[in-house]
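For reference, the structure is listed below as structure tokens.
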2 protein chains.
Amino acid sequence: MNAPVSAPVLTKNQSLVFDVLNRTDAPMSAYTILDKLRDHGFRAPLQVYRALDKLLEFGMVHRLESLNAFVACAHPESECCGHGHGHGSVAFAICESCGHVSEFHDHEVDHRLSDWAKRKGFKPAKTTIEIRGLCSACAA
Amino acid sequence: MNAPVSAPVLTKNQSLVFDVLNRTDAPMSAYTILDKLRDHGFRAPLQVYRALDKLLEFGMVHRLESLNAFVACAHPESECCGHGHGHGSVAFAICESCGHVSEFHDHEVDHRLSDWAKRKGFKPAKTTIEIRGLCSACAA
DNA sequence: CAATTGATGTAATAACATTACATATCAAAA
DNA sequence: TTTTGATATGTAATGTTATTACATCAATTG
């Protein structure tokens, strides 16, 4: 194991964006975040996107590709798998009714996908796994 | 086995859009398709999006969420698994260098994901699995 | 023939994201 | 301490992706 990747120091804008995401359970678009931060001086999308880029890089935030939206990482500390470095990818279950997102990890899924990649000589950089549907509450 | 889902009859616009996608290996954005079809009378994005909606519904085309782009389905006939009905989901490996997309299926991955869903009472509607990275040719 | 349904055409607008350029902040090197 | 370099920030403009709204057309069917 290398450097334990202690929590990075966030800049003002990064903190503001992260706090907004961290205070809600549902994913948020960059423009929604922007609107939430107008009172704090945000005027342009780029301020949000720049902060998000860093937070993604730090592994503190995930992008949901099928939604063009962002969520705070749900396993903030601890947890087994190195996340944010391309291996140990994360899966999401997204409720299309209430918007709730569950983040989970399945080692076997990872294994099968990286196995396929190895056989094909494909070098994975980032893996997206998103299940859209209805959460148990909304399905009832 | 139920009705063998014979190839649906496509309208003029649907055929045009499908042909464009089917003639190339790399994914294409809706606007790129639009440009390719200007000569055939296409003038507005909606003409493309409407055709794509149907083709997606027919399972003849896939949307790559991480790219906001579309590809023709790579296992056009035959193949074991019913595709396009939510189960038997498909995975994609997308080369970020050459744009090539490989479509594949892993039964075990499906199983693990639907298993997780079952345990959580989550009702999956559509599953997205996309690996971005470098294909064997580009990695060399 | 209405009436319904599905496909189409067109314009306008909404939603998401980036480029380009100017300025500011701060820590390390000279 | 001043310079330098790297990172962060502010702002405007633009580019890209997707949808809404409304009108028309064609085929089917009651």
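Sequence lines set the chain letters: A, B, ... in the order given, protein chains first and strands last, and positions in each chain run from 1. Computed from heavy atoms alone, side chains included, the values below leave out hydrogens, waters and symmetry copies. What you see is a predicted model, and the numbers here were worked out from it, not measured in a lab.
Near DNA chain C, meaning a heavy atom under 4.0 Å away, the residues from residues 31-50 of chain B are B:R43, B:A44, B:L46, B:Q47, B:R50.
Between A:S29 and C:dA15, a side-chain N or O to OP1/OP2 separation shorter than 4.0 Å is absent. Contact check, A:T11 against D:dT9: a side-chain N or O comes under 4.0 Å of OP1 or OP2. For the OP1/OP2 pair of D:dA18 and a distance below 4.0 Å, the side-chain nitrogens and oxygens of B:N68 include at least one atom meeting the criterion. The side chain of B:K54 places an N or O atom within less than 4.0 Å of a non-bridging phosphate oxygen (OP1 or OP2) of C:dA7.
Of all non-hydrogen atoms in A:I131 and A:F104, the two that sit nearest each other are CD1-CZ, 4.1 Å. When all heavy atoms of B:L134 and B:C95 are compared, the closest pair comes out as CA-SG, 4.0 Å.
Between B:K12 atom NZ and D:dA26 atom C1' there is a gap of 14 Å when expressed in whole angstrom units. To the nearest angstrom, C1' of D:dT7 lies 14 Å from CG of A:D53. If you measure from atom CG of B:L16 to atom C1' of C:dG9, you get 15 Å, rounded to the nearest angstrom. Going from atom CE of B:M28 over to atom C1' of D:dA18 covers 18 Å, rounded to whole Å. Atoms CZ (A:F70) and P (C:dA15) sit 16 Å apart, rounded to a whole Å. For the pair A:L10 CG and D:dT9 P, the interatomic distance rounds to 10 Å; values are reported in whole Å.
In the set C:dA7, D:dA18, D:dT9, the nucleotide with an atom closest to the side chain of B:A30 is D:dA18. Across D:dT9, C:dA17, C:dA7, the shortest atom-to-atom separation from the side chain of A:R63 is found for C:dA17.
A:E65 and A:T128 form no side-chain donor-acceptor contact under 3.5 Å, judged by distance and modelled atom types alone.
Salt-bridge annotation for A:R112 and A:D115: absent, with no side-chain N of the basic residue lying under 4.0 Å from a carboxylate O of the acidic one. With respect to the salt-bridge test (charged N to carboxylate O, under 4.0 angstrom), the residues A:R50 and A:D53 do not qualify.
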Which is it for B:E96 and B:R132 under the salt bridge (charged side-chain N to carboxylate O under 4.0 Å, His left out) test, yes or no, and what are the steps along the way? CA-CA 6 Å; B:E96 304 195 286; B:R132 298 184 57 171; 3.0 Å; yes

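Aromatic ring centroids of A:H62 and A:F70 lie 6.0 Å or more apart.
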